[in-house]
Amino acid sequence: MSNIPRYIVVDPIFETFIDTSIVPEVIADGCAWTEGPVWFENALYFNDIPNKRMMRWTETDGVSTTLANNEFANGNSLDIDGHIVSCEHGGRRVIRRNNHVDLANVQVVVESYLGKKLNSPNDLVVKSDGSIWFTDPPYGINSDIEGYPADSEIGGCYVFCVTPAGDLRAVATNFEKPNGLAFSPDEKRLYIADSGAIKGASFPGIDYELPHHIRMYDVDNCTLKNDRIFAVVAPGVPDGLRVDQGGFVWTSAQDGIHCLSPEGALIGKILLPSQTSNICFGGPDGKTMFITSSDKVYRVYSQRRDAAHVIKEKFGDRNA
């Protein structure tokens, strides 16, 4: 069948990362647009953005709605204390979920910049020093599919850092639409997707004259230096991404997940039948890939682990 997911091997090393004889397994279906996968408390949590709900999946119980109104939440991550932190399109803020039993119990991390509302925080990553880095494109204010229509008060689409002291800094201000982001294993580099070639869920089509690439920066505390293009992604645009323990970048694209070498070369693809939004590593050993792709979530067994696991082992268990 033509719709069965499959793989493209560009470099033989790709076949040592995943077993290409086993196609990705659908573990969740029937959503509108899945995003924000995060492995937490022995379960996968992810968002179904247009339906304004957070979902939970476990091997024994399958899929359930764990939060009925999540204000069009998108990206999720874990802070250094083991709490879920989320980007809300609808609330136009970054929040911390204080209690995994009551995910509606939240603390606002940040909701404005220089007295102006954020656009619609999209994705985030937490550094080992506790700083929270997030992107703020306009997808949640462009239409009522992913948020509430509104004008941008900031007037741009920035990448922000919330310092360990709680200060908010704009660390990159020259993006078209900043999206997914992830640190290298040593946290000396930050990769940031620019999905400027698409306008959002209500606006089909891609303008390849606009950015559809991943940029790479050197990290110096809560500042970024030496901006350069790491890789151009096509078809489609890069959305969510992760970096594994060896510095290989796994990024979403229109046709699935692309695996890129530390130098930015394509080494292989996990091909999926629909637009793919994000990926995370989880499972009991941290080597299971969970991929959000349009209305579904897929599982792929790998031999890789997220760079965050390397950081956790170096600086302490975030869930301790």
Side-chain angles (χ1 to χ4, degrees), residues 1-51 53-66 74-78 180 182 235-236 238-246 248-260 266-309:
M1 295 175 60
S2 60
N3 283 341
I4 293 178
R6 57 200 186 279
Y7 304 91
I8 290 179
V9 178
V10 178
D11 187 311
I13 194 174
F14 185 69
E15 293 183 288
T16 69
F17 293 170
I18 54 179
D19 186 345
T20 57
S21 69
I22 304 175
V23 298
E25 173 191 3
V26 176
I27 61 169
D29 201 350
C31 296
W33 177 253
T34 57
E35 251 286 10
V38 62
W39 184 258
F40 174 68
E41 295 288 340
N42 297 312
L44 179 73
Y45 290 78
F46 62 95
N47 293 316
D48 181 10
I49 298 179
N51 288 321
R53 58 182 182 169
M54 175 179 273
M55 314 299 291
R56 180 178 183 269
W57 173 90
T58 67
E59 188 73 62
T60 55
D61 299 331
V63 182
S64 61
T65 299
T66 191
N74 191 330
N76 297 306
S77 189
L78 299 180
D239 194 333
L241 58 91
R242 293 292 188 275
V243 181
D244 72 22
Q245 82 270 27
F248 289 82
V249 176
W250 301 78
T251 179
S252 56
Q254 182 174 305
D255 56 348
I257 295 292
H258 296 189
C259 181
L260 308 172
L266 178 67
I267 69 162
K269 294 184 181 184
I270 304 171
L271 291 182
L272 300 173
S274 300
Q275 176 75 42
T276 300
S277 63
N278 216 326
I279 179 175
C280 79
F281 291 81
D285 60 1
K287 296 181 180 179
T288 303
M289 295 180 180
F290 295 100
I291 302 167
T292 50
S293 182
S294 294
D295 59 336
K296 297 177 176 62
V297 179
Y298 293 87
R299 173 168 59 178
V300 174
Y301 296 105
S302 83
Q303 298 300 317
R304 312 303 287 171
R305 301 177 77 202
D306 197 317
H309 288 280

* **Parallel, tilted or perpendicular, as decided by the 30° and 60° cut-offs, for the rings of Trp57 and Trp39** => tilted

* Structure fact -> Shortest non-hydrogen pair, Ala182 vs Val243, comes out as CB-CG2, 3.9 Å

* So how far is it from Ser277 OG to Ile257 CD1, rounded to the nearest 0.5 Å? -> 8.0 Å

* Report the C-alpha distance between Ile18 and Met289 in whole Å, list the side-chain angles of each, state the deciding distance to 0.1 Å, and finish with yes or no for side chain to side chain contact (heavy atoms under 4.5 Å, CB included). => CA-CA 10 Å; Ile18 54 179; Met289 295 180 180; 4.2 Å; yes

* Structure fact -> Taken to the nearest 0.5 Å, the spacing of His258 NE2 from Ile270 CD1 works out to 10.0 Å

* In chain order, what residues pass the ring-ring contact (aromatic ring centres under 6.0 Å, His included) check against Trp33, with sequence neighbours excluded? -> none

* Taking atom NZ of Lys296 and atom CD1 of Ile291, what is their separation to the nearest 0.5 Å? -> 13.5 Å

* Nearest-0.5 Å distance, SG of residue Cys259 to CD1 of residue Ile8 -> 13.0 Å

* Look at the rings of Phe248 and Phe17 and say which category their plane angle falls in: under 30° parallel, 30 to 60° tilted, over 60° perpendicular. => perpendicular

* Structure fact -> Hits for side chain to side chain contact (heavy atoms under 4.5 Å, CB included) against Asp295, two or more places apart or cross-chain, chain-then-number order -> Asp29

* Check Thr276 against Ser293 and note the closest heavy-atom contact, atom names and distance. => OG1-OG, 3.0 Å

* State, yes or no, whether a side-chain contact exists between Ser302 and Phe281 at a heavy-atom distance under 4.5 Å. => yes

* Asked: How about Ser252 and Asn278: do any of their side-chain heavy atoms sit closer than 4.5 Å?
  -> no

* Structure fact -> With sequence neighbours left out, the residues meeting salt bridge (Lys or Arg N to Asp or Glu O under 4.0 Å) with Asp61 are none

* **Distance, nearest 0.5 Å, that separates OG1 of Thr288 from CZ of Arg304** => 14.5 Å

* side-chain hydrogen bond (donor to acceptor under 3.5 Å, both in side chains) partners for Asp11, two or more places apart -> none

* Asked: What residues, two or more places apart in sequence or in another chain, satisfy side-chain hydrogen bond (donor to acceptor under 3.5 Å, both in side chains) together with Lys269?
  -> Asp255

* Among all residues two or more places apart in sequence or in another chain, which pass the side-chain hydrogen bond (donor to acceptor under 3.5 Å, both in side chains) test with Thr34? -> none

* Partner residues of Arg299 under the side-chain hydrogen bond (donor to acceptor under 3.5 Å, both in side chains) criterion, sequence neighbours left out -> Glu25, Glu59, Tyr301

* Got a sec, which residues hit ring-ring contact (aromatic ring centres under 6.0 Å, His included) with Tyr45, two or more places apart in sequence or on another chain? -> Phe40

* Indicate whether the side chain of Asn47 and that of Glu35 have a donor and an acceptor atom separated by less than 3.5 Å. => no

* **Atom pair CG/CD1 of Leu44 and Ile27 - distance to nearest 0.5 Å** => 5.5 Å

* Structure fact -> side chain to side chain contact (heavy atoms under 4.5 Å, CB included) filter on Asn51, not counting sequence neighbours, yields Ala32, Asp48, Arg53

